[in-house]
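Quick one: structure below, then a few questions.
Below, each value reflects all heavy atoms present in this structure, side chains not excepted, and no hydrogens, waters or symmetry copies. Order of listing sets the numbers, starting from 1, for every ligand and every atom in it. Positions are given from 1, in the same order as the sequence printed here.
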Amino acid sequence: MAAVSALTAATVALVGLAAPAHAADPVLRDLAAAKGIYYGTAVTSSKLSGTYGAVTGAQFDSITPANEMKWGTVEPNRGSFNWAGADRVVDFAEANGQQVRGHTLVWHSQMPNWLANGSFSNTELRTIMTDHVTTEVTRYKGRIDHWDVVNEPLNEDGTMRGSKFYNQLGESYIADAFRAARAADPAAKLYINDYNTDGTGPKSNGMYSLVQRLKAQGVPIDGVGFQGHLILGQVPATLQANLQRFADLGVEVAITELDIRMTLPATDAKLAQQKTEFKAVTNACLAVARCEGVTVWGFTDSDSWIPDVFPGEGAATPYDAGFQPKPAYYGIAEALGWTGDGGGGDPTPTTGCAVTYAVQSQWNTGFTANVTVRNTGTSPVNGWTLRWTWPSGQSVTQAWNATVTQSGAQATAVNAAHNAAIAPGGSATFGFNGAWSGGNTAPGAFTLNGAACAVALS
Ligand code: G3I
């Protein structure tokens with residue numbers, strides 16, 4: 001096919017992203033995959049673009065919508081559904097080769113008013129609940145890997161929480177919710193999920209007994225989620241043993257909402273301790289064969305629920321509010337086997353990258369593009385992986401000077417042997433042929449070894 005337009009390669013102004021990149025930083029999703037677990041984050045759907053989207057896609061291989069799949073969001077008025085935010089999260093995950101944890105189907109909190117304040121007979125309430133489970137799970141059938149079917153069913157003393165569902169229907173509401181979810185998507189792993197069950201104690205014992213009862217009744221439960229909303233200096237020493245005793249019941253386990261909050265201001269000493277504790281929690285999961293993965297409840301301090309709910313506390317996540325990796329991030333990476341620079345928790349921000357993306361020629365179904373990766377830092381890059389997400393359905397068909405693969409809309413370019421090393425100030429260039437239809441919008445964000453790069457389009 002003849003080229004119909006040769007676009008000039010005049011570079012437009014550099015668009016700097018907010019986050020200076022640390023090109024030598026490890027990629028949590030790759031390290032986790034090599035260890036046989038996933039590493040996930042809760043996300044806010046409206047933020048999934050720019051640097052937030054780039055880091056989410058580059059670093060994590062599972063995402064959980066923090067609010068978008070809750071009953072109050074998806075069915076604010078009875079029979080009237082709002083799937084926009086949930087759809088955005090699932091679409092983003094598929095474009096970035098990520099799993100989704102669906103959160104959550106039946107919960108005493110964030111219910112719509114019509115449900116929370118409505119009066120229903122027991123039979124009607126049971127049908128409302130199972131219909132809701134069926135509708136939501138069916139909508140995303142085949143696209144959700146894990147569902148938090150029932151969330152936070154317990155009191156602190158391990159007895160059943162007096163929710164609307166429990167008060168009217170008794171404990172059988174849990175079995176009914178799981179059975180409806182299994183019928184709607186037999187492939188999804190079905191979890192029960194709670195907080196303050198991370199270490200052994202009365203609440204964890206209550207969960208243990210509940211799971212035993214559900215298993216004895218043949219309820220289709222696959223896993224137990226431990227939220228992991230922890231406090232600096234108070235990570236339970238029994239975490240690993242506790243995960244193991246649940247695994248021994250014949251269920252999988254996961255840390256589903258990890259954050260470790262501290263009293264502000266964050267000091268170097270507190271951040272160093274937090275690093276040790278993120279590492280310990282990750283290690284606890286790795287030590288339990290049936291622990292499937294860890295999800296942090298927001299990866300950046302600018303997307304954390306903590307300051308809203310615990311005034312004076314915060315800094316609970318692995319990235320600061322400016323998308324800089326904190327020592328905690330390196331603690332996670334170390335637990336996952338990373339041994340690179342920065343492991344001391346005090347990385348020197350002397351690395352950075354800028355990407356120039358240039359379409360050289362384009363014809364009715366295809367195009368040729370060149371990509372130049374520049375090391376704008378002062379430390380050498382030794383081996384690189386560049387990731388981006390296609391905005392309009394493009395795909396790479398053939399590449400040179402790099403190996404390019406694609407999963408969904410996410411493209412991954414890995415250096416060739418001859419251009420693996422990029423000296424400070426130096427650059428590496430590769431090219432490819434791609435296919436497009438409908439539109440050929442340039443990618444808006446790139447990550448180099450998991451860190452966001454400044455972007456220039458030409
Ligand atoms: O969207 C509205 C916005 O329009 C309004 O201006 C603003 C004013 O307060 O509120 C916004 O909604 C907030 C919502 O988060 C989205 O940001 C709600 O007030 C707020 O209550 C809600 O908090 C969520 C919380 O669950 C509710 O209990 C947090 O984001 C979410 O992270 C948190 O997640 C829970 C898990 O689902 C279960 N485990 C505990 C965890 C932490 O509480």
- Of the choices Q110, H103, E68, which has the non-hydrogen atom that lies closest to atom 28 (O) of ligand 1?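 Minimum heavy-atom distance to atom 28 (O) of ligand 1 goes to Q110.
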- Query: Would K203 count as a cation-pi partner of Y195, with NZ or CZ less than 6.0 Å from the six-membered ring centre and within 45° of the ring normal?
  - Reply: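 Yes.
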- Task: Examine R126 relative to Y173 and say whether NZ or CZ is less than 6.0 Å from the centre of the six-membered ring and inside a 45° cone about the ring axis.
- Result: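 Judged by the rule (NZ or CZ under 6.0 Å from the ring centre, within 45° of its axis), R126 is not positioned above Y173.
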- When rounded to the nearest 0.5 angstrom, what distance separates CD in Q240 from CZ in R245?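 Going from the CD atom of Q240 to the CZ atom of R245 covers 14.0 Å.
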- Message: Counting non-hydrogen protein atoms only, what is the nearest one to atom 39 (N) of ligand 1? Give residue, atom name and distance.
- Response: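 So the nearest neighbour among protein heavy atoms is E257 OE1, 2.6 Å.
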- What is the ring orientation for Y330 with W338, classed by angle as parallel under 30°, tilted 30 to 60°, or perpendicular over 60°?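 If you compare the ring of Y330 with that of W338, the planes turn out tilted.
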- Measure the acute angle between the ring planes of F299 and Y52, then classify it against the limits of 30° and 60° as parallel, tilted or perpendicular.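 Ring orientation of F299 relative to Y52: tilted.
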- Message: Once rounded to the nearest 0.5 Å, what's the spacing between atom CZ of F81 and atom CD of E75?
- Response: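 Separation between the atoms: 3.5 Å.
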- Give yes or no for whether the N/O distance cutoff of 3.5 Å, strictly under, is met between E152 and ligand 1.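 Yes, there is a polar N/O contact under 3.5 Å.
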- Task: Please indicate, with yes or no, if any protein heavy atom is found under 4.0 Å from atom 21 (O) of ligand 1?
- Result: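 Flag for atom 21 (O) of ligand 1 set to false, no protein heavy atom closer than 4.0 Å.
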- Task: May I ask whether atom 16 (C) of ligand 1 is less than 4.0 Å from at least one protein heavy atom?
- Result: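 Under the 4.0 Å cut-off, atom 16 (C) of ligand 1 does have protein heavy-atom neighbours.
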- Query: Where is the nearest protein heavy atom to atom 32 (O) of ligand 1: which residue, which atom, and how far?
  - Reply: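 Looking only at protein heavy atoms, the one closest to atom 32 (O) of ligand 1 is W297 NE1, 2.8 Å.
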- So with a 6.0 Å cut-off around CG of D308, is the heavy-atom count from everything else above 12?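 Check passes, neighbour count above 12.
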- Message: With the threshold set strictly below 4.0 angstrom, can you tell me whether any protein non-hydrogen atom sits that near atom 2 (C) of ligand 1?
- Response: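 Given the 4.0 Å cut-off, atom 2 (C) of ligand 1 does not count as touching protein heavy atoms.
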- Query: Which ligand 1 atoms does N151 reach within 4.0 Å, using its non-hydrogen atoms?
  - Reply: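 Ligand 1 atoms under the 4.0 Å threshold to N151: 38 (C).
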- Approximate separation, where rounding is to 0.5 Å, of E257 CD and H229 NE2: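 Interatomic distance, E257 CD to H229 NE2, rounded to 0.5 Å: 3.5 Å.
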- Where is the nearest protein heavy atom to atom 33 (C) of ligand 1: which residue, which atom, and how far?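 I find the closest protein heavy atom is K70 NZ, 3.7 Å.
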- Item | Options D194, N67, D308, ranked by nearest heavy atom to atom 30 (O) of ligand 1, top entry |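 Ranked by closest heavy atom to atom 30 (O) of ligand 1, first place is N67.
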- For atom 11 (C) of ligand 1, is the nearest protein heavy atom under 4.0 Å away?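 No.
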- Message: As an exercise, identify every atom of ligand 1 less than 4.0 angstrom from a heavy atom of W305.
- Response: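 What qualifies from ligand 1 is 32 (O), 42 (C), 43 (O).
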- Message: I'd like to know if atom 6 (O) of ligand 1 has any protein heavy atom within a distance of less than 4.0 Å.
- Response: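 Within 4.0 Å: no protein heavy atom nearby.
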- Within-cutoff protein neighbour (heavy atom, under 4.0 Å) for atom 26 (O) of ligand 1: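 Neighbour list for atom 26 (O) of ligand 1 includes protein heavy atoms (cut-off 4.0 Å).
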- Query: What is the minimum heavy-atom distance between F178 and Y191, and which atoms define it?
  - Reply: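 Heavy atoms of F178 and Y191 come nearest at CZ-O, 3.4 Å.
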